[in-house]
Amino acid sequence: MSFEVADTLDMSTPAAKRASYELLAAQVRSLIEGERDMVANLAQFSALVWQSVPELNWAGFYLARGQELVVGPFQGKVACVRIPFSKGVCGACARSREIQRVEDVHAFPGHIACDSASRSELVLPVIAGERLVAVFDLDSPRPARFDAEDARGFAAAVQVLAAGTDWP
Ligand code: SME
């Protein structure tokens, strides 16, 4: 199978960014069509984001296991393996089930620095039915890389993924 991925998505203006996130969600839909395996879909989703979204230094999943998160498919440097719900930006997302958008990671109490290059972070809950099954974590070397439009755009893409995947 061959799959055409848009080169770097254009995020230079608000209108371009909206269109880019619509394209990203459509690409997620096509990429996972006919496949519901969790590892396959999470790996493909991470690779798609890594390949097409600019200014990232980490993109991937932490899977919910009890009151702990365990690293799942991702792109970027090796990362911390286990994060309790009580720790870090990912833990805050898992606890609250709300998107965490951190403009300056150094100002976030308890931020876990897996890569010292990270300056800003966006973490989204992955909810299947009523269950928190994972979080999707994005790091950027640029301070304040993620705005509300990025959060909305990734939330839409994550929703497509959550609905199209079988979660254990
Ligand atoms: N910074 C995250 C930890 C995961 S790494 O960024 C890949 C946190 O504070 O939860």
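Numbering of ligands and ligand atoms starts at 1, following listing order. What you are looking at is a predicted structure, and each value in this text was computed from that prediction instead of being measured.
For atom 8 (C) of ligand 1, the closest non-hydrogen atom on the protein side is Val89 N, 3.3 Å. Nearest protein heavy-atom contact of atom 6 (O) of ligand 1 is Asp139 OD2, 2.7 Å. Here the heavy atom of the protein found nearest to atom 4 (C) of ligand 1 is Asp137 OD2, 3.4 Å. If you check which protein heavy atom lies closest to atom 2 (C) of ligand 1, you get Glu121 OE2, 3.1 Å. Nearest protein heavy-atom neighbour of atom 1 (N) of ligand 1: Ile112 O, 2.7 Å. Counting only heavy atoms of the protein, atom 5 (S) of ligand 1 lies nearest to Cys114 SG, 3.1 Å. Protein heavy atom in closest approach to atom 10 (O) of ligand 1: Cys90 N, 2.8 Å.
Counting the atoms of ligand 1 from 1 in the order shown, those under 4.0 Å from a heavy atom of His111 are 1 (N), 9 (O). Atom numbering of ligand 1 starts at 1 in the shown order; those under 4.0 Å from a heavy atom of Gly88 are 9 (O), 10 (O). For ligand 1, the atoms sitting less than 4.0 Å from at least one non-hydrogen atom of Tyr62 are 4 (C), 7 (C), numbered in the order shown with element in parentheses. Shown in contact with Ile83 at under 4.0 Å from a heavy atom are these atoms of ligand 1, numbered in order with element: 3 (C), 4 (C).
Taking the six-membered ring for Trp and the full ring otherwise, the centers of Phe154 and Tyr21 sit less than 6.0 Å from each other.
One finds the CG atom of Asn41 at 4.0 Å from the OG1 atom of Thr165 (value rounded to the nearest 0.5 Å). How far CD1 of Ile83 is from OH of Tyr62: 4.0 Å, rounded to the nearest 0.5 Å.
The backbone N or O of Val126 sits nowhere less than 3.5 Å from a side-chain atom of Arg131 that would complete a donor-acceptor pair. The backbone N or O of Ala26 sits less than 3.5 Å from a side-chain atom of Ser30, completing a donor-acceptor pair. Looking only at distances, no side-chain donor or acceptor of Asp139 sits under 3.5 Å from a matching main-chain atom of Trp58.
Under 4.0 Å is where a charged nitrogen must lie from a carboxylate oxygen, and between Lys17 and Glu149 no such pair does.
Note on ring orientation: taking the six-membered ring where Trp is involved, the planes of Phe61 and Phe136 are tilted (angle from 30° to 60°).
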